[in-house]
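A, B, ... follow the sequence lines: proteins, then strands. Residue 1 opens every chain.
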There are 2 protein chains.
Amino acid sequence: MDAIIEKLKQKGIVLTIQRLAVLEFLHNSSSHPTAEAIHTKLKKKYPMMSLATVYNTLDMLKQAGEIQELTIGNAKHFDPIPQSHHHLYCRVCKRIIDVEISCPVCKSGRVQGHKVEEVQAVFYGICSDCLQRENGAQ
Amino acid sequence: MDAIIEKLKQKGIVLTIQRLAVLEFLHNSSSHPTAEAIHTKLKKKYPMMSLATVYNTLDMLKQAGEIQELTIGNAKHFDPIPQSHHHLYCRVCKRIIDVEISCPVCKSGRVQGHKVEEVQAVFYGICSDCLQRENGAQ
DNA sequence: TATTATATTAGAATTATTCTTAAACAATCA
DNA sequence: TGATTGTTTAAGAATAATTCTAATATAATA
């Protein structure tokens, strides 16, 4: 976290209370929240915090390469880990789960002559926990 | 196309003029259009055609397993090829290009104990054509 | 401290999609 | 064939996520 703050400062980015709050919240979260979800939580601590600020801050952090954005269903979710990795969206428990598999496109940044700057690989299905629960129930 | 129509009929799906128009348009298209784009084109031939019908038909075709849906940017795009394959979105020419690479998750339908029913792998970057153009220009 | 630039807020606007309801159409049965 | 029933469509309202706008607040600089 401190390293990120240092990097952002060096880029000349003003670190306001709101921005630090979003950054901190995302880094302590493993649930890949939406802007809306982040706003709902932060509003308890900072009642004046606006949803637009959350969107702006997330944009800024994405531009700065400190977080990544995932488009899942109709909404954008945010991941504090900026390195490309895959995700599974479980249609039973609705969780978004990190999937760490080796991916040649992520590594090389190229595929069939095209240049790849960002990878969004989302698997839709049922997570191992829910599979077990379903099998156990039957 | 005829084989698909036969399959849909056997599932008891009524094939109206509107539904056939959407199916046919998508099959003759390689541009991965949105519902909006399909509607705009079809309205020229069928001025009464409603956007809601296009959405309904695309939903129906997806449920029937005859097409696939891609979430790219903020919009849903449709692909007449129902088999899982990857895509590249070129941020220069805005095209969505099919990327055929071997993918163990697509093949097996499993990853790290999770069950995978649908794969959405989108690479964001610059396509080979635009890369060449850029290099040529410099 | 005064000035300037940047960030934030609140709410309006936009965009893509879904929902609703009445009318149109298709399939089934008498 | 004609009546009945169920499904599909059209039009527009409703919704949800996101972006834009303009005024205010805050931070950085001189």
Quick check: is I4(A) connected to L26(A) through a chain of hydrophobic side chains (ILVMFWY, heavy atoms under 4.5 Å apart)?
yes

Here the gap from T34(A) atom OG1 to E69(A) atom CD, rounded to the nearest 0.5 Å, amounts to 11.5 Å

Any Q18(B) side-chain nitrogen or oxygen under 4.0 Å from OP1 or OP2 of dC25(C):
no

Sequence neighbours excluded, which residues qualify as ring pair (Phe, Tyr, Trp, His ring centres under 6.0 Å) partners of H86(A)?
F123(A)

Both I17(B) and F78(B) contact DNA chain C. Which one's nearest nucleotide lies toward the 5' end?
F78(B)

Presence of T16(B) side-chain N/O under 4.0 Å of dT7(D) phosphate oxygens OP1/OP2:
no

Identify all side-chain donor-acceptor contacts of residues 47-62 of chain A below 3.5 Å with residues at least two apart in sequence or on another chain.
| residue | atom | partner | partner atom | Å |
| --- | --- | --- | --- | --- |
| S50(A) | OG | A52(A) | N | 3.0 |
| N56(A) | ND2 | A52(A) | O | 3.3 |
| T57(A) | OG1 | T53(A) | O | 2.7 |

Roughly how far, to the nearest 0.5 Å, is the CD atom of Q18(A) from the CG atom of L20(A)?
9.5 Å

Looking only at the side chain of K76(A) (C-beta and beyond, no hydrogens), which of the listed nucleotides dT6(C), dT9(D), dT19(D) gets closest?
dT19(D)

The side chain of R19(A) is closest to which nucleotide in this list: dT8(C), dA17(D), dA27(D)?
dT8(C)

Distance-minimising heavy-atom pair for S29(A) and P80(A):
O-CG, 3.8 Å

Counting only heavy atoms and a strict 4.0 angstrom limit, can you tell me which residues of residues 30-69 of chain A come near DNA chain C?
M48(A), M49(A), S50(A), A52(A), T53(A)

